[in-house]
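Read the structure below first, then the notes.
If you're wondering where the values come from, they're calculated on a predicted model, not measured in any experiment.
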Amino acid sequence: MWGWRSVSVATLCIALSSASPAPAAEPVGQAVVIKTEVTGQSGPIEVDTSVHRNERIKTSQSGLGQFLFRDGTKLAVGWGSSVVIDKYVFDDSQSVKKLTIRAAKGTFRWVSGSSNSSAYQILTPAGTIGVRGTAFDFYVGPDGTTAVVLLNGAARFCGPGGCRQLQQRCDCVVAKPNGDMSAARRVDPSILETLGNQRALPFLSGNQRLAGGIGMLGGCNMASVAPERKDRNRPPPPRDPAPAPSPQRQDPPQRQAEPQKERPATPDKPDKPDKPDKPHHDKPDKPDKHDGRGRHEHHDQHDDHDYHDKGHHRDRDRDRDHDKDRDRDGDRNHDRGRNFNRNR
């Protein structure tokens, strides 16, 4: 009996121990800036959400996340990225003994915190970035090609092909998983063609804006390939609208010219004073009642001819009067002669 009871108690203890929840993952930092879509182990990440050790952080093709670790280290994760907080060992002195992140793909900005530089390590498909108390951008392409651009301090990149030291601001190294590695040289816009992606290194080119002091770093003459170049071309557009109002201000003179179309009607008004001319010509004709109605109508068309007709009629009337006087004188003389003969 005791044997069966012992087995039952042991079985119960095992069942209880297996049902107990696993210890929660250790929080190592929190999100301070989130844009569009950023996800973690438990789903979407929001501002002030904690991030944990061994948690994979992913961003969408337009996503952006900025994270602050407990020792002050800052990590920006740009669009289309995937990174895992691989190791994190924290002590009581507000510093870490070990902080390792594994970048699978995408674009990132790193700014070291208060811990010893030897505590930081970044793993990429093409090699390892060793931190020397520094700030830098790095990009991991789909094929594992990795580019590192130094912004402050110093860094070292080691891969199958050896190691490269980054000591001057804007120094750049490009490495491939097969061991091919470029020499350290100053970065320029041609690196985007080398990487085969115009969206690579968006924090340098200005395609993505970072908040806070982490966003003040960068430049390296990469802004010429960013939309900021379009922003520089924005000042000229105000010059174009300036001459535009001038043709509109000239519209009122054109409207004043419209009344000129009615000027052909104005010359008709001076014709009205010509009407008094008709009575001026008709006044001397009124006393000549014997000329008849037809002469007045004919006078409007042939004034000169009427003038000569008037003179002709006057002369003819005078001749008639003269003939009458002459006939009267003849009759008188004839009467006188006849009376004289009678008296004889």
Side-chain angles (χ1 to χ4, degrees), residues 29 31-40 45 51 56-69 73-86 100-112 120-129 131 134-152 155 157 159 166 169-177 182 187-228:
V32 293
V33 175
I34 297 295
K35 295 182 180 179
T36 62
E37 184 179 355
V38 181
T39 59
I45 297 177
V51 292
R56 180 179 294 275
I57 299 172
K58 293 182 178 181
T59 60
S60 65
Q61 292 302 315
S62 60
L64 172 64
Q66 290 181 218
F67 302 92
L68 177 64
F69 293 94
T73 297
K74 299 175 183 178
L75 175 66
V77 184
W79 51 33
S81 301
S82 176
V83 62
V84 176
I85 303 172
D86 194 17
T100 302
I101 67 172
R102 188 181 299 273
K105 66 175 181 177
T107 185
F108 309 88
R109 174 166 290 182
W110 171 278
V111 178
S112 298
Y120 304 116
Q121 191 176 43
I122 300 172
L123 306 179
T124 73
T128 302
I129 304 174
V131 180
T134 184
F136 53 86
D137 282 11
F138 63 101
Y139 166 78
V140 179
D143 62 350
T145 299
T146 301
V148 183
V149 180
L150 181 67
L151 302 177
N152 188 20
F157 186 86
L166 304 174
R169 173 177 165 78
C170 299
D171 276 355
C172 174
V173 169
V174 178
K176 293 183 177 296
S182 68
V187 69
D188 59 52
S190 65
I191 189 175
L192 300 181
E193 298 179 0
T194 302
L195 299 174
N197 185 0
Q198 295 295 319
R199 289 165 57 90
L201 302 173
F203 307 140
L204 287 178
S205 64
N207 285 321
Q208 279 192 306
R209 303 283 186 174
L210 298 176
I214 191 173
M216 300 301 294
L217 302 171
C220 299
N221 296 325
M222 291 290 292
S224 60
V225 298
E228 288 183 354

I'd like to know whether CZ of Arg169 has more than 12 heavy-atom contacts from other residues, nucleotides or ligands below 6.0 angstrom.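 More than 12 heavy atoms, drawn from other residues, nucleotides or ligands, come within 6.0 Å of this atom.
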Test item: [X] and [Y] side chains (from C-beta on) under 4.5 Å apart, heavy atoms:
{"X": "Asp86", "Y": "Ile101", "value": "no"}
{"X": "Phe157", "Y": "Thr124", "value": "yes"}
{"X": "Val131", "Y": "Phe136", "value": "yes"}
{"X": "Thr59", "Y": "Lys35", "value": "no"}
{"X": "Leu64", "Y": "Leu210", "value": "yes"}
{"X": "Tyr120", "Y": "Ile129", "value": "no"}
{"X": "Leu204", "Y": "Leu151", "value": "yes"}
{"X": "Gln198", "Y": "Asn207", "value": "no"}

Will you find, in the side chains of Lys176 and Thr145, an N or O donor that is under 3.5 Å from an N or O acceptor?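 Side-chain D/A pair, Lys176 to Thr145: present.
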Minimum heavy-atom distance between [X] and [Y], given as atom pair plus value:
{"X": "Pro125", "Y": "Ala104", "result": "CG-O, 4.1 Å"}
{"X": "Ile45", "Y": "Ala31", "result": "CG2-CB, 3.8 Å"}
{"X": "Gln66", "Y": "Ala76", "result": "CG-CB, 4.2 Å"}
{"X": "Val149", "Y": "Cys172", "result": "CG2-SG, 4.0 Å"}
{"X": "Leu123", "Y": "Arg102", "result": "CD1-NH2, 3.4 Å"}
{"X": "Ala155", "Y": "Thr134", "result": "CB-CG2, 4.5 Å"}

Using only atom types and a distance under 3.5 Å, with no angle test, would you say the side chain of Thr146 pairs donor to acceptor with the backbone of Gly144?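 Yes; judged by distance alone, with no hydrogens or angles, the pair exists.
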Any donor and acceptor pair, going by atom type alone, linking the side chain of Trp79 with main-chain N or O of Arg199 inside 3.5 Å?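 It does hold such a pair.
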Gap separating the [atom1] atom of [X] from the [atom2] atom of [Y], nearest 0.5 angstrom:
{"X": "Asp143", "Y": "Lys105", "atom1": "CG", "atom2": "NZ", "value": "12.5 Å"}
{"X": "Tyr139", "Y": "Ser81", "atom1": "OH", "atom2": "OG", "value": "9.0 Å"}
{"X": "Ile85", "Y": "Thr100", "atom1": "CD1", "atom2": "OG1", "value": "11.0 Å"}
{"X": "Ile57", "Y": "Thr39", "atom1": "CD1", "atom2": "OG1", "value": "9.0 Å"}
{"X": "Phe138", "Y": "Thr107", "atom1": "CZ", "atom2": "OG1", "value": "8.0 Å"}
{"X": "Trp110", "Y": "Ile214", "atom1": "CH2", "atom2": "CD1", "value": "10.5 Å"}

For Phe69, enumerate each residue passing the ring pair (Phe, Tyr, Trp, His ring centres under 6.0 Å) test, keeping only those at least two apart in sequence or located in another chain.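 Partners of Phe69 under the ring pair (Phe, Tyr, Trp, His ring centres under 6.0 Å) test: none.
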Applying salt bridge (Lys or Arg N to Asp or Glu O under 4.0 Å), can you list everything that pairs with Asp171, at least two apart in sequence or on another chain?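 With neighbours one apart ignored, the set is empty.
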Candidates Val38, Val83, Val32, Val33 - the one meeting side chain to side chain contact (heavy atoms under 4.5 Å, CB included) with Phe67: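 The passing option is Val38.
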